[in-house]
Every structure is written in C-alpha cells, then in structure tokens.
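Below is one structure, written out as structure tokens, with a few remarks after it.
Model, not experiment: these values are computed from the prediction.
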Amino acid sequence: MNTLSLEHISLIDWALHPLIPAIVQESGTQNVLMLAYMNKEALTLTLTHKEAYYYSRSKKRIWKKGEQSGHTQSIQEIWIDCDADCLLLKVIQKGMACHTLKPSCFFRRIDIPSINEPSDIQAQIQTYGTLLTLYHTIQERKNADKNQSYTASLFMQGANAIGKKIIEESAELSFALKDEQEKDIVHEAADLFYHTLVGLAFKNIAPEQIFEELQKRMGISGIEEKQSRKAKKE
C-alpha cells in the first residue's frame with residue numbers, strides 16, 4: 001500500500017521545494033540504501049509506475065533507478081514527513097543500490113575521534129586500500145569548486161579533457177620506463193593511476209568492477225583472453 005498517492009502530490013509546496021530529498025529504505029530489512037532527490041515529475045512517475053524515478057542534480061534530468069545497471073527499485077510504500085518536504089521510500093531492491101556495487105550507499109562509517117585521537121586518512125586506507133580511498137575522494141570532489149580543486153576542474157572539462165590527460169600520462173610513463181629512472185617511473189605511474197581513477201569516477205565505474213575483471217583473467221593466457229574477445233566481437 002502506498003501511503004502517498006497521486007492525489008496527495010499537492011501536499012508538497014513545489015514552488016518552495018522544487019527538489020525534495022528521498023530517503024530509500026529496503027522494505028524487508030529496513031536498511032537505509034541511499035538518498036536521492038525528486039521533483040514533481042519524478043514523484044509522479046514513481047507513483048504511476050511503482051518503480052523509483054529520481055532527479056539528477058548533476059545531469060539535470062529525470063532518471064530511473066537501474067536504467068543502465070538494471071538494479072531497479074520496486075516501490076512498496078511511500079511516506080511523507082510532517083513538513084511535507086522529505087520522502088521515505090520503502091522498496092524491494094533488485095541488485096545493488098550503490099553505483100560502487102555495494103548493497104547500500106552508506107558503507108563508510110565515520111568514526112568520531114576522541115580528543116587524543118585525531119582523524120587520519122590512514123585509517124581509511126587501512127579499511128579500503130589506497131586505490132578505493134583515492135577513488136572515493138575523487139567522487140567527493142565532483143561538486144567541489146573548480147577553482148579550488150584540480151579534480152573538480154577535470155570533471156567540469158568532461159570526458160575529452162580527462163581522456164587527453166590519461167593519454168598524456170601514459171606517454172610520460174612510457175618515456176620514464178625508457179629512461180630507467182625508478183623515481184620518475186613511480187611518479188608518472190602514480191599520475192596515470194590518479195587520472196585513470198578520475199576517468200572511472202566520471203563514468204561512475206567503481207574500481208571493484210576492474211578488480212573483478214582482472215580476477216576473471218587470472219590463470220588465463222593473455223593470448224587466449226585476447227583471442228576470446230576478438231571472437232566475441234566477430
């Protein structure tokens with residue numbers, strides 16, 4: 001049963017709140033899955049089709065949850081808060097809720113440090129590893145001020161600029177390998193890793209997906225793997 005129905009959309013003052021937050025909760029476990037935003041059209045589509053539609057603040061458009069991944073959300077209940085400016089959706093989640101392929105977007109706990117224990121990025125690295133910690137940091141820079149963040153400026157320039165930087169860093173690593181200077185090789189490899197992660201974050205592709213692909217290839221001859229890909233294309 002939907003607590004909120006089409007005739008109740010007028011409860012929300014859309015002129016005052018053109019976008020309202022929607023907290024998404026798994027119907028069975030009651031686990032909080034994610035937070036997204038809805039405008040009037042997204043809520044209308046959600047109530048009409050009984051599947052979750054949201055408004056993307058970055059892409060400036062309506063999007064259906066799972067439109068690319070297939071990880072859709074079937075609506076079970078919708079609740080509205082006392083001020084009529086926030087929604088709670090109870091859903092049946094198909095697949096993973098988070099674009100990082102985690103069951104929930106809330107998989108990183110922020111530990112509250114004591115006075116004698118200041119927060120340290122090393123704790124995040126120990127938990128998630130260097131690459132994942134860097135990837136999540138890059139994701140957090142998406143909406144930063146481009147004048148204050150180099151990463152944000154890359155996102156603002158788009159795929160072409162990011163791709164050019166990856167090509168540039170690849171070339172510099174190649175030259176460093178030729179010169180056989182270990183310090184330069186490490187430096188250029190780090191630059192290439194960083195810009196590659198920016199490219200993945202731009203397309204919302206989690207490093208875990210790359211890890212999974214590499215794991216599939218372990219124990220398989222590189223020649224066989226390339227021939228297999230060639231056969232699939234044909």
Side-chain angles (χ1 to χ4, degrees), residues 1-113 119 124 127-128 132-133 135-144 152 155 201-209:
M1 177 187 71
N2 284 321
T3 303
L4 188 70
S5 58
L6 282 170
E7 58 267 26
H8 293 133
I9 290 180
S10 59
L11 290 172
I12 300 166
D13 185 346
W14 295 104
L16 182 62
H17 307 293
L19 282 181
I20 61 174
I23 302 165
V24 185
Q25 190 176 34
E26 193 169 30
S27 179
T29 63
Q30 305 300 307
N31 290 336
V32 177
L33 300 179
M34 57 181 279
L35 170 70
Y37 289 85
M38 286 184 165
N39 61 3
K40 186 175 182 180
E41 182 182 358
L43 179 55
T44 301
L45 287 168
T46 298
L47 288 166
T48 301
H49 298 287
K50 304 298 187 291
E51 290 200 283
Y53 287 78
Y54 303 109
Y55 184 84
S56 171
R57 295 177 297 169
S58 59
K59 297 179 180 178
K60 308 297 183 186
R61 67 171 179 87
I62 302 291
W63 61 285
K64 178 185 177 183
K65 177 64 176 173
E67 63 186 13
Q68 294 181 339
S69 66
H71 298 172
T72 56
Q73 292 173 345
S74 176
I75 303 297
Q76 301 302 296
E77 300 175 36
I78 300 180
W79 297 77
I80 190 168
D81 76 337
C82 56
D83 295 321
D85 60 3
C86 182
L87 297 171
L88 172 64
L89 279 60
K90 295 192 176 185
V91 306
I92 294 176
Q93 176 70 51
K94 177 183 177 183
M96 302 297 177
C98 184
H99 70 272
T100 63
L101 299 182
K102 298 289 186 181
S104 166
C105 292
F106 299 96
F107 58 87
R108 291 177 290 175
R109 187 181 71 178
I110 299 176
D111 292 322
I112 302 174
S119 178
Q124 297 180 44
T127 302
Y128 303 110
L132 288 181
T133 299
Y135 176 80
H136 294 314
T137 301
I138 289 170
Q139 284 280 19
E140 291 168 358
R141 296 290 188 273
K142 277 188 174 181
N143 297 317
F155 282 126
F202 184 77
K203 291 294 185 179
N204 289 321
I205 297 174
E208 288 94 337
Q209 294 174 255

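Leu19 has its side chain within reach of Arg57: a pair of non-hydrogen atoms, C-beta onward, lies under 4.5 Å apart. Under the 4.5 Å side-chain criterion, counting only non-hydrogen atoms from C-beta, His71 is in contact with Gln93. With contacts defined as side-chain heavy-atom distances shorter than 4.5 Å, the pair Leu45/Lys64 does not qualify. Side-chain contact between Gln30 and Gln25 is present, with heavy atoms from C-beta onward closer than 4.5 Å. No side-chain heavy atom of Thr72 sits less than 4.5 Å from a side-chain heavy atom of Val91. Residues Ile75 and Leu89 meet the side-chain proximity criterion, which asks for heavy atoms closer than 4.5 Å.
Going from atom CD1 of Ile92 over to atom NZ of Lys50 covers 13.5 Å, rounded to the nearest 0.5 Å. Summarising the geometry, atom CG belonging to Asp83 is positioned 11.5 Å from atom CD1 belonging to Ile20; distances are rounded to the nearest 0.5 Å. Between atom NZ of residue Lys94 and atom CD of residue Gln73 there is a gap of 12.5 Å, rounded to the nearest 0.5 Å. Atom CD in Glu41 sits 11.0 Å away from atom CD1 in Ile9 (nearest 0.5 Å). Thr46 contributes atom OG1, which lies 6.0 Å from atom CD1 of Ile78 (distance to the nearest 0.5 angstrom). Note: Ser69 OG to His99 NE2 = 11.0 Å, rounded to the nearest 0.5 Å.
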Could you go through the side chain to side chain contact (heavy atoms under 4.5 Å, CB included) check for Ile62 and Asn39 one step at a time? CA-CA 9 Å; Ile62 302 291; Asn39 61 3; 3.3 Å; yes
So His8 and Ile80, side chain to side chain contact (heavy atoms under 4.5 Å, CB included) or not? Walk me through it. CA-CA 10 Å; His8 293 133; Ile80 190 168; over 6 Å; no
Test side chain to side chain contact (heavy atoms under 4.5 Å, CB included) applied to Lys40 and Ile12, step by step: CA-CA 9 Å; Lys40 186 175 182 180; Ile12 300 166; over 6 Å; no
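Classification of the Trp63-Tyr54 ring pair by plane angle, with boundaries at 30° and 60°, yields tilted.
Scanning all heavy atoms of the two residues, the minimum distance from Leu35 to Pro21 falls at CD1-CB, 3.8 Å. Contact record, Pro103 with Ala97: O-CB, 3.2 Å, taken as the closest heavy-atom pair. Asn204 and Gln139 make their closest contact through OD1-NE2, 3.4 Å (heavy atoms, listed as atom of the first residue, atom of the second, distance). In plain terms, the two heavy atoms of Thr100 and Glu208 that are nearest each other are O-OE1, 3.9 Å. Across all their heavy atoms, Met38 and Trp14 have their closest contact at O-CZ3, 4.0 Å. The shortest non-hydrogen separation linking Cys105 to Met34 is SG-CB, 3.6 Å.
Around atom CG of Asn31, more than 12 heavy atoms belonging to other residues, nucleotides or ligands sit under 6.0 Å away. Heavy atoms of other residues, nucleotides or ligands lying less than 6.0 angstrom from CD of Gln68 number 12 at most. Atom NZ of Lys142 has more than 12 heavy atoms from other residues, nucleotides or ligands within 6.0 Å.
When atom types are taken as modelled, the side chain of Ser27 and the backbone of Lys90 share no donor-acceptor pair closer than 3.5 angstrom. Checked by atom type and distance alone, the side chain of Asp13 never pairs as donor or acceptor with a backbone atom of His17 at under 3.5 Å.
Ion pair Arg61/Glu67 flagged as a salt bridge, since at least one NZ, NE, NH1 or NH2 atom sits closer than 4.0 Å to an Asp/Glu carboxylate oxygen.
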